[in-house]
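What follows is a set of notes on a single structure, which appears directly below.
Keep in mind it's a predicted model, so treat the numbers as computed, not measured. Note that ligands are numbered from 1 as they come in the structure, with each ligand's atoms numbered from 1 the same way.
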Amino acid sequence: MVRSRIAPTPSGYLHIGNAINFVITWLWVRKQKGSLRLRIDDLDTLRKKPEYVDDIFRTLDWLGLDWDEGPQSPDEQKRQFSQLRRTEVYNDFIKETVEKGKVFACTCARSEIQLHSHEGQYPGTCRNKGLPLHQPETALRILVPENSVVIINDIAQGEVKVDVHKVMRDFVIRRRDGIPAYQIASLKDDLDFNINYIVRGEDLLYSTAAQIFLANLYGQNDFGKTSFYHHSLLKDEQGHKLSKSAGSVSLKAWREQGRKAEEFYLTLSKMLGEKQAFTSLNEMLQLANLDFPLLINT
Ligand SMILES: [Zn+2]
């Protein structure tokens with residue numbers, strides 16, 4: 001059975017790009033009679049705000065999306081489903097990574113990394129310093145040897161080979177502030193909740209590669225069999241990637257202007273290259289052509 005998830009982060013109001021990702025995931029899961037989970041990535045307590053959690057539920061409701069697992073309300077999210085409740089699970093996973101892989105401590109500030117690297121890639125400054133692992137203000141990085149090629153099984157592109165060393169270098173598994181890195185938390189959740197189908201933006205392709213690298217380390221090869229769909233990203237009129245900070249395109253702003261979800265679905269059907277104009281999720285489910293690749297942003 002197809003098991004997928006939508007995984008918003010409560011660090012800003014959701015925008016059209018997020019909604020497109022959720023709708024594609026929902027459509028695929030419902031077409032396959034699979035199961036969908038809502039997971040709210042709320043480990044980063046500095047950026048998280050309760051109104052952003054509320055906004056996730058409001059937006060999903062406005063879109064008409066439903067899901068089978070995970071929280072049904074902000075209150076339930078906080079009480080039962082917060083990732084903060086799984087901190088120990090992630091930390092154990094990090095411990096296991098330290099045992100299985102070559103992990104080293106890194107005390108570099110972001111500005112130092114920028115200064116000494118090309119294109120912001122980590123230059124390996126602390127690789128051979130042998131710094132103690134468990135100190136404040138210390139990140140943990142995993143050593144990724146050259147030619148660490150992983151294969152991503154992408155529904156639209158087929159087998160995509162990525163050299164994790166080239167694109168991620170020695171990536172962070174625990175942040176300087178002690179928070180488990182996204183790669184760890186996301187992978188651990190996907191493994192524990194038996195997710196086998198993941199839809200994400202193409203900006204996360206290298207994260208997928210990093211997560212497969214980690215999963216291979218644990219012998220969790222099933223994660224490598226996960227089907228992925230990395231869709232292209234919606235751009236604004238200037239051709240920039242849409243970000244949550246661009247408040248004008250938040251769906252909260254749409255709702256406040258009294259705009260209906262119909263308008264969103266009309267926009268989306270155009271993006272998907274559909275000849276028909278859909279005004280609701282169920283119309284799309286019944287009629288949309290879901291052959292991959294979906295023609296987003298062409
Ligand atoms: Zn360093």
Quiz prompt | Asp192 and Arg86 ion-paired at < 4.0 Å | solution = yes
Quiz item: Between Arg255 and Asp55, does at least one N-O distance fall below 4.0 Å, as a salt bridge requires?
Solution: yes
Quiz prompt | Residue among Phe223, Trp26, Trp28 satisfying ring-ring contact (aromatic ring centres under 6.0 Å, His included) with Tyr197 | solution = Trp28
Quiz item: Is any side-chain N of the basic residue among Arg175 and Asp44 closer than 4.0 Å to the acidic one's carboxylate O?
Solution: yes
Self-check item: Salt-bridge criterion met for Arg30 and Asp68 (N-O under 4.0 Å)
Solution: yes
Practice problem: Provide the protein N, O or S atoms situated under 2.8 Å from the Zn ion (ligand 1); waters are not included. | Solution: Cys106 SG, Cys108 SG, Tyr122 OH, Cys126 SG
Quiz item: Is it the case that more than 12 heavy atoms not belonging to Arg200 sit under 6.0 Å from its CZ atom?
Solution: yes
